[in-house]
Amino acid sequence: MDDCIFCKIVKGEIPSTKVYEDDTVLAFRDLEPQAPQHILIIPKEHIASAAEITDKNSAVVAHIFETAAKIAHDLGFADGFRVVNNCGDSAGQSVKHLHFHVLAGRDFTWPPG
Ligand code: AMP
């Protein structure tokens, strides 16, 4: 997707602070962190949102959660973290490329609001 900022990050056209990368996913620090640790994990393939996950592309979601656990262990917050996906405008999705927020380093409230 030519006008997608996360596709541009995948292609290296926009800089990011990478935390992890492999053939199918990229993890990088959020520009506006909402916690001491705030990392975004995205598929390299453009998937617009969680509403677009099907039996054809869902394997990458499992890999994203494997990546979240790996990052949590590597960065030392495996004892407590939150994974968030905002899907659609009403849920606050501002970037229309599937991404999971991994937040840690403070206490979180529930419900999230
Ligand atoms: P959401 O509101 O769930 O769509 O989350 C999008 C997230 O992307 C927000 O937390 C933004 O701060 C973050 N973001 C937007 N542009 C960039 C960027 N160039 N590098 C890192 N994070 C970004």
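By convention here, the first residue in the shown sequence is residue 1. Note that the structure is a prediction, hence the values are computed from the model and not measured. One-based numbering, in listed order, for ligands and for the atoms of each.
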(request) Mind jotting down which protein residues get a heavy-atom contact under 4.0 Å with ligand 1? Chain and number order, please. (result) Ile5, Phe6, Ile9, Phe28, Arg29, Asp30, Leu31, Glu32, Leu40, Asn86, Gly92, Gln93, Ser94, Val95, His99, His101
(request) Kindly state each residue pair satisfying side-chain hydrogen bond (donor to acceptor under 3.5 Å, both in side chains) with at least one member in residues 66-76, sequence neighbours excluded. (result) His63-Glu66, Lys70-Asp74
(message) Tell me which one of Lys44, His46, Glu45 satisfies side-chain hydrogen bond (donor to acceptor under 3.5 Å, both in side chains) with His97.
(response) His46
(message) Per the side-chain hydrogen bond (donor to acceptor under 3.5 Å, both in side chains) rule, what does the pair list look like for residues 2-19, sequence neighbours excluded?
(response) Lys18-Glu21
(request) Sequence neighbours left out, what passes side-chain hydrogen bond (donor to acceptor under 3.5 Å, both in side chains) with Arg29? Give chain and number order. (result) Gln37
(request) Could you tell me how the ring of His101 sits relative to the ring of His38: parallel (under 30°), tilted (30 to 60°) or perpendicular (over 60°)? (result) tilted
(request) Apply the side-chain contact (heavy atoms from CB on, under 4.5 Å) test between Ile47 and each candidate in Thr54, Val60, Val61; give the one that qualifies. (result) Val60
